[in-house]
Each structure stands twice: as C-alpha cells, then as structure tokens.
Amino acid sequence: DAVGARLAPAAGAAADVLSRNVVESLPWTPATIRTAFDHANTLRKDLLDAGHEMFSWLDRGSAGATWRNRRHAGAATRIDVIDPGLADLPWELMVDTALLIFGAPPDVARLHLGNVPQKADDDWPMRLWIVNGAPDDRAVDATHEIRRIKADLLWHRHSIDVKVDVPKDQTDFEDTLVGFRPHVLHFIGHGGVSPTSGMPALFIAAANPWELDAPRVAGALANAGVEPRFAFLNACHTANRANAYAVAAAFSSAGVPATLTMQGAVQGDEA
C-alpha cells in the first residue's frame with residue numbers, strides 16, 4: 001500500500017548535476033545544516049522556506065504525478081534518501097504551503113531499508129537494557145519514562161528481561177554489553193557534541209560524568225561482539241541534525257539494523 005519516492009538521481013554525470021542543483025536551490029546545504037539549528041531566531045523562516053522548496057522539488061520530480069495520485073488514494077509514502085548530497089537535508093520538515101507533510105495523513109516517513117541480516121539464533125527472553133544517562137534531571141524525567149515502559153511491558157513480564165542502570169564508565173558499559181547481551185538498547189538522556197573529542201556524543205551523568213561519543217559507540221559494540229536489534233535514543237537532536245546524527249549512524253555501522261532517534265528537542269513524555 002506504499003509508494004516509494006526514491007530520492008536518488010540517475011547514475012552518472014547527470015546525477016551530480018541534479019544533486020548539486022537541488023542542494024544549491026535550498027537555504028541549506030549538507031554543510032550549513034550542521035549549524036542551522038543553533039540559530040533559533042532565524043530558524044522558523046528557514047525551516048518553512050526549505051521545507052517548501054523540498055516539497056516542490058519532490059512534487060515536480062519524475063515521480064510527482066504518480067505520488068500525488070497515490071496520495072490522494074490514501075497510499076502511505078516511504079522516502080528513502082540515497083544520494084549523500086541530499087541525505088542530511090531535513091526532509092521531515094517538508095511543507096506544502098503551510099502544511100507539514102510528515103505527520104499528516106496519509107502517512108509519510110523517511111527510512112532506509114538496507115539488507116538487514118536475520119539472526120540464526122532466537123535467544124529468549126528478549127533482553128531490554130535501559131541506560132539512564134540523566135537520573136537526576138527533572139526535565140528529562142527518566143523515572144517517569146522507565147515507569148511507563150515497565151507498565152506497558154507488564155503483560156509480557158515473562159517474555160522480556162528488563163535491566164535499568166547508569167553505567168559508571170565506558171568499561172562498565174562494555175561489561176554490561178558482554179554480560180547482558182541486550183536485544184534492545186534504550187538510552188535516556190542528553191545528546192550533543194563532546195567538548196573533549198569534538199564528536200557527537202551521548203552524555204551519562206554518573207557519579208563521575210562521562211560521555212559515549214560516536215567512535216566509542218562503535219568501539220564498544222565491536223569489543224563486546226554484541227549487535228542489538230534495536231536502539232532507541234531518547235536524546236535531543238540525534239536524528240537529522242547532522243553534527244549529532246553520527247551517534248545514530250554509529251549504531252547502524254556497528255550492525256544494529258534499526259535505530260530510532262529524535263529530530264529536535266524532545267521532552268521525555270513525548271519520547
């Protein structure tokens with residue numbers, strides 16, 4: 001029931017020209033978007049301008065007529081942005097005049113369906129590790145989120161093993177990966193750029209605060225020999241904000257087939 005709008009120009013020189021023209025017609029480029037979210041005073045107008053341009057480009061594209069017809073018939077849309085020159089642009093903020101395309105019926109979502117390896121083993125029960133990176137932050141309210149997760153899983157308590165803790169350091173994080181071998185890793189806390197490494201990172205407010213930057217994510221999973229099936233990152237700006245997206249990408253490159261991230265600033269209850 002879905003129509004795929006493949007945002008990938010044809011191969012060859014024509015692809016380079018088309019990609020360059022599309023990117024240059026927008027207020028942002030894959031480079032400038034890395035700082036766009038730091039300028040709140042101009043962000044709203046830029047979002048609307050860029051969102052309208054992206055929708056117009058897709059609507060006028062070779063798939064435009066088919067896309068409109070299928071949408072009017074109620075079909076959902078899955079946008080797979082393949083071209084690297086377009087992937088960092090905020091397609092989730094496409095607008096038709098003043099109407100956001102994402103989140104309005106019929107459904108629109110951005111995802112990339114690669115070759116997801118199927119595990120030969122079926123370990124049971126399913127193991128869910130909740131990493132509480134902000135145990136005392138009232139704005140995050142991890143206690144409420146954890147309570148809601150446990151309540152929702154109550155009827156499945158014999159099928160799902162839930163572990164909740166605040167790893168005290170990188171070694172403790174890796175030891176738990178090795179010992180618990182989670183199928184699902186759920187992080188609650190803050191995301192941003194590490195002042196130490198300058199890399200995108202998740203911050204853990206343990207007794208001695210530490211950070212899990214993108215290279216450490218990949219390294220920890222590789223060292224532990226663990227590939228969770230799903231990572232849920234309840235941390236602001238871990239999705240399309242390019243200077244923090246690498247945290248999500250690190251999970252993907254380490255073999256995690258599905259990662260859910262947050263596009264903007266998000267409250268714990270919304271996550």
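In this chain, numbering begins with 1 at the start of the sequence shown.
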Counting C-beta onward and ignoring hydrogens, is there a side-chain heavy-atom pair between [X] and [Y] closer than 4.5 Å?
X    : Y    : answer
P182 : F230 : no
I79  : V108 : yes
L233 : L202 : yes
N223 : L221 : no
W129 : V164 : no
W210 : F173 : yes
V256 : P228 : yes
L154 : D152 : no

Minimum heavy-atom separation for [X] and [Y], please, with both atom names.
X    : Y    : answer
R181 : A224 : NH1-O, 3.9 Å
E227 : A254 : CG-O, 3.7 Å
A201 : V247 : N-CG2, 3.6 Å
I160 : P125 : N-CB, 4.1 Å
V226 : L177 : CG2-O, 3.3 Å
V140 : A134 : CG2-CB, 4.1 Å

State plainly whether one hydrophobic cluster holds both [X] and [Y], where clusters connect Ile, Leu, Val, Met, Phe, Trp and Tyr through side-chain heavy atoms under 4.5 angstrom apart.
X    : Y    : answer
L185 : V178 : no
L153 : I146 : yes
M126 : V162 : yes
L212 : F180 : yes
F187 : F203 : no

To the closest 0.5 Å, what do you measure between [atom1] ([X]) and [atom2] ([Y])?
X    : Y    : atom1 : atom2 : answer
R127 : H183 : CZ    : NE2   : 4.0 Å
H190 : I204 : NE2   : CD1   : 11.5 Å
D107 : R71  : CG    : CZ    : 9.5 Å

Practice prompt. May I have the step-by-step check of side chain to side chain donor-acceptor pair (under 3.5 Å) for H52 and D96, ending in yes or no?
Written response: CA-CA 6 Å; H52 182 70; D96 179 10; 5.4 Å; no
Counting N and O atoms only, with roles assigned by atom type, does the side chain of [X] sit under 3.5 Å from a partner on the main chain of [Y], one being a donor and the other an acceptor?
X    : Y    : answer
R216 : E211 : yes
R68  : D59  : yes
T176 : D172 : yes

Worksheet item: Hey, mind stepping through D213 and S194 against side chain to side chain donor-acceptor pair (under 3.5 Å) and telling me if it holds?
Response: CA-CA 7 Å; D213 66 16; S194 165; 5.1 Å; no
Practice prompt. Report the C-alpha separation of T77 and W67 in whole Å, then their side-chain angles, then the decisive distance to 0.1 Å, and conclude whether the side chain to side chain donor-acceptor pair (under 3.5 Å) test is met.
Written response: CA-CA 8 Å; T77 306; W67 183 45; 3.0 Å; yes
Practice prompt. Run through T97, I101, V95, L99 and flag the one making a side-chain contact (heavy atoms from CB on, under 4.5 Å) with F55.
Written response: I101
Discussion item. Determine whether R148 and E145 satisfy the following criterion, side chain to side chain contact (heavy atoms under 4.5 Å, CB included), listing intermediate values before the conclusion.
Written reply: CA-CA 5 Å; R148 285 288 304 275; E145 184 171 347; 5.7 Å; no
Discussion item. Could you check whether K163 pairs with D165 (Lys NZ or Arg NE/NH1/NH2 to Asp/Glu carboxylate O, under 4.0 Å)?
Written reply: yes
Discussion item. Apply side chain to side chain contact (heavy atoms under 4.5 Å, CB included) to residues I188 and V131 and explain how you reach the verdict.
Written reply: CA-CA 6 Å; I188 306 171; V131 176; over 6 Å; no
Worksheet item: Which of parallel (below 30°), tilted (30 to 60°) and perpendicular (above 60°) describes F232 and H186?
Response: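 Answer is parallel, since the angle falls under 30°.
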